[in-house]
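Read through the structure below, which is laid out as structure tokens, and then see the notes.
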Protein chains: 2
Amino acid sequence: MPLSKDLEKLIINCIRTLSMDAVQKANSGHPGTPMALAPVAFTIWDRFIKHNPKNPDWPNRDRFVLSAGHASMLIYSLLHINGYNVSIDDIKNFRKLHSICAGHPEYGLTSGVETTTGPLGQGIATSVGMAIAEKWLAEYFNRDGFKIIDYNIYSICSDGDLMEGISGEAASLAGHLGLGNLVWVYDDNEITIEGDTDLAFSEDVGTRFISYGWNVEYVADANDIDSINNAILNSNNQDKPSIIVLKSHIAYGSPNMQDNHLSHGAPLGEEEISLTKEFYGWDPDKTFFVPKEIDEYRESVVRKGEQSEADWKEGFEGYAQKYPELAKEFEILQSGLLPEGWEDELPVFPPDEKGTATRSANGKILNAIGKNVPWLLGGAADVGSSTKTYITDAASFLKNNYKGRNFHFGIREHAMAAAINGMCLSKLRPYASTYFVFSDYMKPSIRLAALMKIPTIYVFTHDSLGVGEDGPTHQPIEHLTALRATPNLEVLRPADANELSVLWKHVLNLNDRPSAFILTRQNVPVIDREKYNSQDGALRGAYIIADTDEFPEIILIATGSEVHICLEVYEALASEGIKVRVVSMPCWSLFDSQSDEYKEEVLPSTIPVRLSVEAGATFGWEKYVGSNGKGRAFGIDRFGESAPGDVVMNEFGFNKDNILSECKKLLKANA
Amino acid sequence: MPLSKDLEKLIINCIRTLSMDAVQKANSGHPGTPMALAPVAFTIWDRFIKHNPKNPDWPNRDRFVLSAGHASMLIYSLLHINGYNVSIDDIKNFRKLHSICAGHPEYGLTSGVETTTGPLGQGIATSVGMAIAEKWLAEYFNRDGFKIIDYNIYSICSDGDLMEGISGEAASLAGHLGLGNLVWVYDDNEITIEGDTDLAFSEDVGTRFISYGWNVEYVADANDIDSINNAILNSNNQDKPSIIVLKSHIAYGSPNMQDNHLSHGAPLGEEEISLTKEFYGWDPDKTFFVPKEIDEYRESVVRKGEQSEADWKEGFEGYAQKYPELAKEFEILQSGLLPEGWEDELPVFPPDEKGTATRSANGKILNAIGKNVPWLLGGAADVGSSTKTYITDAASFLKNNYKGRNFHFGIREHAMAAAINGMCLSKLRPYASTYFVFSDYMKPSIRLAALMKIPTIYVFTHDSLGVGEDGPTHQPIEHLTALRATPNLEVLRPADANELSVLWKHVLNLNDRPSAFILTRQNVPVIDREKYNSQDGALRGAYIIADTDEFPEIILIATGSEVHICLEVYEALASEGIKVRVVSMPCWSLFDSQSDEYKEEVLPSTIPVRLSVEAGATFGWEKYVGSNGKGRAFGIDRFGESAPGDVVMNEFGFNKDNILSECKKLLKANA
């Protein structure tokens, strides 16, 4: 039963007035876009979105992503009107400390917010990952007569979203994959912060999306609900993603501010708000006013939502009877757990002097886990054959095979990172892989994963100077530092295949943060654990891998490919009677989270003579080696060189002889 | 006089065989693309490029950018054949330590290489900056009858370049600006590392570029020189940028490897090379063979190049007579210097308790310098009104006004950063501006500037939690760390308007590295320099801004907006008779480069009780406050909150009372 035109108008204007009032009260925010887009948002939510406001986690809900996150009052108004857990008081506290109505929509803070948005381009790119996840989940779980998974993803985006490069990457990927479950609404308002889009943006967006293989719909008037409705209907009936190019007027209805870029990012002012409310036929004296008709509407939405989920649950019960194993898997997946025994086949690698590149060991571990965790999936930015992240007994995820678990993201690192955010938000356990130096291209999306506390996994290979011939453009230096300094991100640089294996166990058990593996291109020995301490120490972030029976004169601390060098140095020093300890430290944050006792045990404050060895920037190592001159950080604080990997490593002193000599210098200076 | 078909073929095949041989000898590299693209590269260089191999810095040369940097042997072969300073021995040393033929082309290492490429998308995006620079320089310097500046920019790019989001940003910007001096050749070989482009890339590139407002040319056969020639001729005759979509065969001529993705990134093998040479009509037993006809060709290229520059110089002499002032400016600009007296109007700000945001002060300083340095120019990624980087007496740089100095890069941070690399490589002094948190979007291009040692300038505002309501997506935390750890990048976070002013002086005198200013959104006091030490100390990176007459019990070290808080704490402590020193440390790298004596003077090792105060990650501060528990770093190692800026700063303890209490705790613990 369609709503009356009057009620539609009332709801739309309520979205608008709540948005204006909230921005005004906060004295900060973006009123113009919620005012312009209230009709399209209303149409999507009222006529299309399948959801249950009382259970925002219902797995089969449609997803709505406000990529233009600055227009956050649009979604808060929608959530309030639709019966989510957002009260008028919450809206009155918009942009106040600890409010659930934060400046930009934050996943985890506000129920009904599907992903954190604000940095432009991220929302739409994440929506591509959500659409990928829906296709995969549907393919994996649905059976004849049981459409357990069947939902769409809607996203509203702005000029800014589409100017960001990530939008091109994400749209090209979505078009390639034929994601017919995806609809973007492009707010074509011809306004940006600096002024008219004429200043910087004159591309033909529709044609651009046709080039990506999208369906393009045009709506000439953002207030024309019927046209919007038809455009969405057409979009939902495609085997490709759709974009609706919607001509809108920023701050619609404001007599003096409509179509003015100054209405983008600042309150309208009390007076203008009054005039605008009058234009809407709203009582200009009322603020934060929600008419009682909307209370009734809210109740009907909630009832309908509860019924939708109840119907789905009924279907799921039938499914569970017919496919108990699948239903169990579905529930495990939805609760963020892993199948029992998932780690049973985690490989233990025999000691091997010649060794193996940790990227290669990673391929084996990934496959061993992947066998037991069907929703562990991912891929690379066109370097899968180098990063060795293929799941060998799975197919490629392609337009004609959504069952595939190997993703070909193309040379689109940024969209890859955002896509796995969307996949992870849909409860998959995705990984993304490329050369470590190109983590720079992905950083904005990695940061969002950390902020959202979601367990995405990054497999970064080619982790140092050891890359060799490709030279300084491909040799990471500052990247370990940059990721380690990012809050809530686990950065792991294992010394060998066995550390890596136990760290994968750690990582898959994490549910509240992303993790980044930093792996070698070159071979490193598989350390003999009969001779040296067990790799299980890696689970504490840092551990004594080799020690003296007496009180150490010096502690060597190393990560990754430098650990085995330090073990060689250890043998050399020990043979000279020098008392030395070696600490392998694959993960700073994990070590920092240990008890003070453990930390003191590994790095006693009474032993200040320490040398850290890591083929990356020394930045921050003073934390562990001190800054009083007794300890020293050995690393590389300049750009690298193009030459074979071992030659470059030698050139910069990452070899036994040089580290040995560094140790002796340090010991002498402190004698 | 056109070359004979035979000679053309000989040169093309020489490019191919040198490339195969070099990759084979290095046992590393990418042979397939040079083999495919030798004809188009030859055509551009032989028929179109205006250059003087004996003076690769001739200002009016055409620019050639190999965006597909992995195909580096293509450019090294070209440089050798064209008489640049690249010998056969250099090519034999391809990818060897200290060779000028590095794995990827490096600016500054190899003459004739216009920009460092390798990270995909960077080359083409940089070429847009070069095209912008040409337009600006032509507009500024040319006069009737004197086309001092009149050149084109050619770039060769791959699927990978075009998949990267930065390509969309850069192309959209170039189309918007109507850069008719720009020609990209797109190597449409349907191959990437993982396999066919079918796996990940099916967009219609031509249509995509039409949407950006480009001219699109198609060449169906990469060996068809006449078609290539015509496509370039058409391209050079446009008031918009052009892309030539060139169908090619990777590893063309190799009987077993042509069109195979395995020929992308690995040597072909001796046997296959022999077979391929036979196909080319080349002696299969000769390696690194350059026929004597090519030696003759080289001589003719060099002669022609010298003549071109000589003709230009003659024209320039006439110009210098008629426009001596302009000619002088041109020479100053070309030598990387600044007009005499450029710093004369640098403002000194009177003490002011209420103060001013450093972003606002920056606007004033920028304008004061800009008045005297016409080629100081730049803009923002659509937030110029917030970052306050407009040059008020200059126009916008737009399609119909290439004289403008205010750039509207659009919400395209990454392309902005790459564009200013291209502008800087063309001797302008460009700046790029956005909110600090979005430096993440720019990082790959910032890194290249640092690697190339070019003096680009970044103006990052909204530098901390002080951003306020926009919340954690907009509040930088780890960003200072990430940039400080990047080699060769000057990161400057001034305490007030006057520190900023002297640091601008420092920055504009730097010619060998990029600099990033980190500026506040919120007001900070202009510190009273009668009462506290002079801002000139900022030129040493860190300096004592307030001190006790006696031996300090504690040192406070702060940057940016936290310095004035520490001065308040200083007054409070001093009034209690506690002996305290405050160090303002706007630039770590600058301080680290000072003499040991100076460093010891500012931070004496005898005073271990220290507190650093910075509204960012504490990561790395142990370097200055120690890690023995006597000093402490006060900062924020989690994500922020959405609320008014002062509220957020207070919430996280960045206020006088809390810092005072931190000091007392520290003093007590060390008593």
Side-chain angles (χ1 to χ4, degrees), chain A residues 28 95-97 102-104 118-120 160 163-166 168-169 172 176 192-194 199-204 207-208 211-212 382-384 408 410-412 414 440-441 443-444 451 469-473 477-478 481-482 485-487 617 619-620 622-623 626-627 637-639 642-643 647, chain B residues 28 95-97 102-104 118-120 160 163-166 168-169 172 176 192-194 199-204 207-208 211-212 382-384 408 410-412 414 440-441 443-444 451 469-473 477-478 481-482 485-487 617 619-620 622-623 626-627 637-639 642-643 647:
Chain A
S28 167
R95 295 190 158 224
K96 296 280 189 298
L97 195 64
H104 291 83
L120 289 168
M163 281 195 252
E164 292 289 359
I166 190 175
E169 296 182 12
S172 180
H176 182 78
T192 64
I193 296 179
E194 289 187 0
L199 286 173
F201 193 58
S202 50
E203 65 184 43
D204 175 346
T207 300
R208 180 177 146 198
S211 83
Y212 297 141
D382 195 49
V383 289
H408 302 276
I411 305 168
R412 306 182 183 103
H414 201 174
D440 276 350
Y441 279 72
K443 177 69 201 318
L451 180 54
E469 291 93 341
D470 277 342
T473 54
I477 301 290
E478 70 278 20
T481 313
T486 304
F619 200 101
E622 292 86 0
K623 180 172 188 172
S627 56
D637 292 312
R638 47 157 287 192
F639 293 105
S642 167
V647 175
Chain B
S28 167
R95 295 188 158 225
K96 296 279 190 296
L97 194 65
H104 290 84
L120 289 168
M163 280 194 253
E164 292 288 1
I166 190 176
E169 296 182 11
S172 180
H176 182 78
T192 64
I193 296 179
E194 291 188 359
L199 286 174
F201 193 57
S202 51
E203 65 184 44
D204 174 347
T207 300
R208 179 177 148 199
S211 83
Y212 298 141
D382 195 49
V383 288
H408 303 275
I411 305 167
R412 306 183 182 102
H414 201 173
D440 275 350
Y441 279 73
K443 176 70 201 315
L451 180 54
E469 292 92 342
D470 276 343
T473 54
I477 300 289
E478 71 277 22
T481 313
T486 305
F619 200 102
E622 292 87 359
K623 180 170 189 174
S627 57
D637 292 312
R638 45 158 289 192
F639 292 106
S642 166
V647 175

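Every chain is numbered from 1 and lettered A, B, ... according to where its sequence line falls, protein lines coming before strand lines.
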Legend entry - Part of B:Ala102 lying under 4.5 Å from any heavy atom of chain A: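 Looking at B:Ala102, backbone and side chain both touch chain A.
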Legend entry - chain A contact via B:Asp637 - side chain, backbone, both or neither, heavy atoms under 4.5 Å: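 Contact with chain A: backbone only.
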Legend entry - A:Lys623 side, atom NZ; B:Phe619 side, atom CZ - distance, nearest 0.5 Å: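 Between A:Lys623 NZ and B:Phe619 CZ, I get 7.0 Å after rounding to 0.5 Å.
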Legend entry - Rounded distance (nearest 0.5 Å) linking atom CD1 of A:Ile166 with atom OH of B:Tyr441: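 Going from the CD1 atom of A:Ile166 to the OH atom of B:Tyr441 covers 6.0 Å.
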If you count heavy-atom pairs within less than 4.5 Å of chain B, which of [options] leads?
| options | answer |
| --- | --- |
| A:His176, A:Arg638, A:His414 | A:His176 |
| A:Glu169, A:Glu203, A:Glu164, A:Arg208 | A:Glu164 |
| A:Gly103, A:Ser642, A:Gly410 | A:Ser642 |
| A:Pro444, A:Ser28, A:Ala617 | A:Pro444 |
| A:Gly165, A:Ala200, A:Ser172, A:Gly626 | A:Ala200 |
| A:Leu120, A:Thr481, A:Leu199 | A:Leu199 |

How far apart are the closest heavy atoms of [X] and [Y], and which atoms are they?
| X | Y | result |
| --- | --- | --- |
| B:Thr486 | A:Glu478 | OG1-CG, 3.5 Å |
| A:Asp440 | B:Lys443 | OD2-NZ, 3.1 Å |
| B:Gly118 | A:Thr473 | CA-OG1, 4.5 Å |
| A:His104 | B:Asp470 | ND1-O, 2.8 Å |
| B:Met163 | A:Arg412 | O-CG, 3.6 Å |

Inset, instruction - Could you have a look at B:Leu97, B:Asp204, B:Ile411 and say which one has the most heavy-atom pairs with chain A under 4.5 angstrom? - result: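 Ranked by contacts with chain A, first place is B:Ile411.
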Legend entry - Leading residue by heavy atom contact count with chain A [cutoff under 4.5 Å; candidates B:Ala485, B:Gly620, B:Ala482]: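 Ranked by contacts with chain A, first place is B:Ala485.
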